[in-house]
S.K.: 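Before anything else, here's the structure in question.
Proteins come first, then strands; the chains are lettered A, B, ... in the order of their sequence lines, and each starts at number 1. Fair warning: this is a prediction, and the values are worked out from it, not measured in the lab.
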Number of protein chains: 2
Amino acid sequence: MATIKDVARLANVSPSTVSRVLANSPRISEETKRRVRAALEQLNYHPNAFARGLVTNSTGAIGILIPPSAQEFFVNPFFAEWMAGVAEVARQRGVDTVLSTSSRGEIETLDHMIRGRRVDGVLLIGARKSDPVLHEVAKLRCPAVLLGRPADPSPISWVNNDNRRAAYDATVHLLNLGHRRIGFLGGASDLVVTIDRVAGYRQALLDHGVEPDPRLEVSSFFLEQGGYLGMMRLLAIPDRPSAVLCADDVLAFGGMRAAHELGFEVPGDLAIVGFNDIRLAELAHPALTSVRVHMHELGVRSAELLLEEIEQGKPLQRHVTVHHELVIRYSCGAKPIGTMTT
Amino acid sequence: MATIKDVARLANVSPSTVSRVLANSPRISEETKRRVRAALEQLNYHPNAFARGLVTNSTGAIGILIPPSAQEFFVNPFFAEWMAGVAEVARQRGVDTVLSTSSRGEIETLDHMIRGRRVDGVLLIGARKSDPVLHEVAKLRCPAVLLGRPADPSPISWVNNDNRRAAYDATVHLLNLGHRRIGFLGGASDLVVTIDRVAGYRQALLDHGVEPDPRLEVSSFFLEQGGYLGMMRLLAIPDRPSAVLCADDVLAFGGMRAAHELGFEVPGDLAIVGFNDIRLAELAHPALTSVRVHMHELGVRSAELLLEEIEQGKPLQRHVTVHHELVIRYSCGAKPIGTMTT
DNA sequence: CTGAAAGCGCTAACAA
DNA sequence: TTGTTAGCGCTTTCAG
């Protein structure tokens, strides 16, 4: 495999000159550049990323720290769309994206990537209450962007939706439709996203004079199966809800399956609202009313922010909130009149 | 950031001794190992991947060459599940996975990854007729595994389904249900997977005395929208098909949407069979009959094979075919009696 | 405008 | 069992 020395020899210059041509330094004559480029071409030279990285201390790659529950990550269209957004800006900016898939703990994996100099910065997905990963990131002082917001004060930059407000809006929609027994079906209860959405849901209830009932709040895991199980629990209680707000579309799908199996009509017997508005929401039967959170845009903004931090070489403590809107379809019994923007 | 020298100094040994401890060389005394490990711990040392890679010439990472149509890749649950399989074995074996997302051409990207020593081998997704990427891989003689099979003779290893047979089976199912006008809705026509599936479809027709009609074969792109458009075309022809085999579930979803919009009942007026059996197939309305190709297993086998090539340090020219079965649900009008295994 | 030389952090002979 | 040394391929002062 051709090295910079080979190119130098062929072009009759020194390795440093080749290096300068590679960096397109203005202090090299056009004539020389031409000659070097010809040699580059002829040998089909590609710089060794190791050697370069060793001296520049930069990798040209960003990392994604996959959560321990990799299943929930890969299988959920939310993340696929988010990743598509990330990949899109990575492509534009010519950086690689590396997936962290490690069997070690999250902290270890983070160290592996950052201290091991495999990536210039990391994207984190979803925080938990007093999340140790966030502490480690703070300690490392490395470029990092969190999808979601940290539960506790943290210097990290993040990209998020206003989940509290979004859940509030969705719940108000259900209240306006006349529902009073409204359930909440969420993901793991220590996830900040769950905390925020349940908070918005409760607030809406309170603001409309409905006392929140803890038995109506169930937390599960972000898989179709999780929705199925959660909905089964919700529908089993004596004074069952007439409407359920699901913190994820995949959860809502599972919930719908459970409802159908039990013989409930959606939306006739049970109104359902989802979250995220994945593409398939429209194709469900009935088409799912859902809170659109703009997953692709979340991905784009996450990556852009991270790349900016990397460029600046330091944490920026920037926060961006991506807008959301309620997309009304048929699963909640309302007449779909388009979207309600907030 | 602590280097190997810092550790050596702290442990009162030479850097090479530390290096040996890191590699767990048996020629180091337990006593020394203990001391070094304590130092490692204390400094929270993580080896610099660049420095190590520069000398060992190996990266501890595998690459995925994302196809030019990144959209179709990320958004299709098929790939998500496949990637989950890949990530699972990557995690087990402690290697990172890097996504290639480059705005250069595919060849350039491949060179960037392999010649640039960013990964030890690559996973390729889907081949086309006389695919230049396969030529480049052959030239590079690097570890590589193709998802799908090459159209032309090639030394590359691959993991695939028997797509011809699978499409044959699905078509026969439709024929047995009494259909004679059967359409085929596929992806890009120069994709080998499309070629194989259309071939199986035609063969089944021929074997049952039905003359294939070119107007009944339409090729589109692997997105819901592609299915919608393709189905619109199929249903517009005068002697329209009574059944359609779709080469992808997402395509089938789009097709179903088109059918509904035009007022056709599925399966009453139009039988539909999909391909891949993504999770949502079960949730569609009506639940989609589909050819299960075991995406996750395809991912696992792809990664395992690649890792083996990397270990051996050379192309193995191994071929693995993952089984498939037809999962009969409600979109084709048959009574769902479970799966037909082949 | 270009070259020589040092050094990034690590591993792997070769010595001891 | 351990240390010394050279060198992986590149960038970057510092000279010229």
S.K.: Can you identify which nucleotide, out of C:dC10, C:dT2, C:dT11, has its nearest atom closest to the B:Thr3 side chain?
M.R.: C:dC10
S.K.: Round to the nearest Å and state the distance from B:Ile4 atom CD1 to D:dT4 atom C1'.
M.R.: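 The distance from CD1 of B:Ile4 to C1' of D:dT4 comes to 14 Å, rounded to the nearest Å.
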S.K.: Are B:Asn161 and B:His294 linked by a side-chain donor-acceptor pair shorter than 3.5 Å?
M.R.: no
S.K.: In this structure, how many angstroms lie between the P atom of D:dG9 and the CZ atom of B:Arg52, rounded?
M.R.: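 Distance, rounded to whole Å: 18 Å.
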S.K.: Okay, side chain of A:Thr109, backbone of A:Gly105: is any donor-acceptor separation there less than 3.5 Å?
M.R.: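 Yes; at least one donor-acceptor contact below 3.5 Å.
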S.K.: To the nearest Å, how far apart are B:Lys5 NZ and D:dG3 C1'?
M.R.: 14 Å
S.K.: Among D:dT2, C:dC10, D:dC10, which is the nearest nucleotide to the side chain of B:Val55?
M.R.: C:dC10
S.K.: Verify the contact: side-chain N or O of B:Thr17 to OP1 or OP2 of D:dG3, cut-off strictly under 4.0 Å; return yes or no.
M.R.: yes
S.K.: If the threshold is 4.0 Å, N to carboxylate O, is there a salt bridge linking A:Asp131 and A:Arg128?
M.R.: no
S.K.: Would you call B:Glu311 and B:Arg93 a salt bridge, using N to O less than 4.0 angstrom?
M.R.: yes
S.K.: Output the rounded distance in Å from CG (A:Asn57) to P (C:dC8).
M.R.: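 Going from CG in A:Asn57 over to P in C:dC8 covers 11 Å.
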S.K.: Base, sugar-phosphate, or nothing for A:Arg27, non-hydrogen atoms under 4.0 angstrom?
M.R.: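 Base, at least one base heavy atom under 4.0 Å.
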S.K.: Output the rounded distance in Å from NE2 (A:His46) to P (D:dG9).
M.R.: 16 Å
S.K.: Between A:Arg34 and A:Glu31, does any NZ, NE, NH1 or NH2 come within less than 4.0 Å of an OD or OE carboxylate oxygen?
M.R.: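 Yes.
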S.K.: Measure from the side chain of A:Ser14, starting at C-beta and using heavy atoms only, and say which of C:dG3, D:dT4, C:dC8 lies closest.
M.R.: C:dG3
S.K.: Nearest of C:dG9, D:dT12, C:dG3 to any side-chain atom of A:Arg20?
M.R.: C:dG3
S.K.: In whole angstrom, what separates A:Phe50's CZ from C:dC10's P?
M.R.: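 Rounding to the nearest Å, CZ of A:Phe50 and P of C:dC10 are 14 Å apart.
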S.K.: Take atom CG of A:Leu54 and atom P of C:dC8, then tell me their distance rounded to the nearest Å.
M.R.: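 Those two atoms, CG and P, are 9 Å apart.
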S.K.: Can you tell me if the side-chain N/O atoms of A:Ser19 get under 4.0 Å from OP1 or OP2 in D:dT11?
M.R.: yes
S.K.: B:Ser29 near the nucleic acid: base, sugar-phosphate alone, or nothing, with a heavy-atom cut-off under 4.0 Å?
M.R.: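 Sugar-phosphate, backbone atoms only, no base.
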S.K.: Figure out the CZ/P separation between A:Arg9 and D:dC10, and round it to whole Å.
M.R.: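 Spelled out: CZ on A:Arg9 to P on D:dC10 is 12 Å.
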S.K.: Measure from the side chain of B:Ser16, starting at C-beta and using heavy atoms only, and say which of D:dG3, D:dG9, D:dT12 lies closest.
M.R.: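 Closest of the options to the side chain of B:Ser16: D:dG3.
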S.K.: If you check every side-chain atom of B:Thr32, which of D:dC14, D:dT1, C:dT11 has the closest atom?
M.R.: D:dT1
S.K.: Can you work out whether B:Ala51 or B:Asn12 has the more 5'-proximal nearest nucleotide on DNA chain D?
M.R.: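 Its nearest nucleotide being more 5', the pick is B:Asn12.
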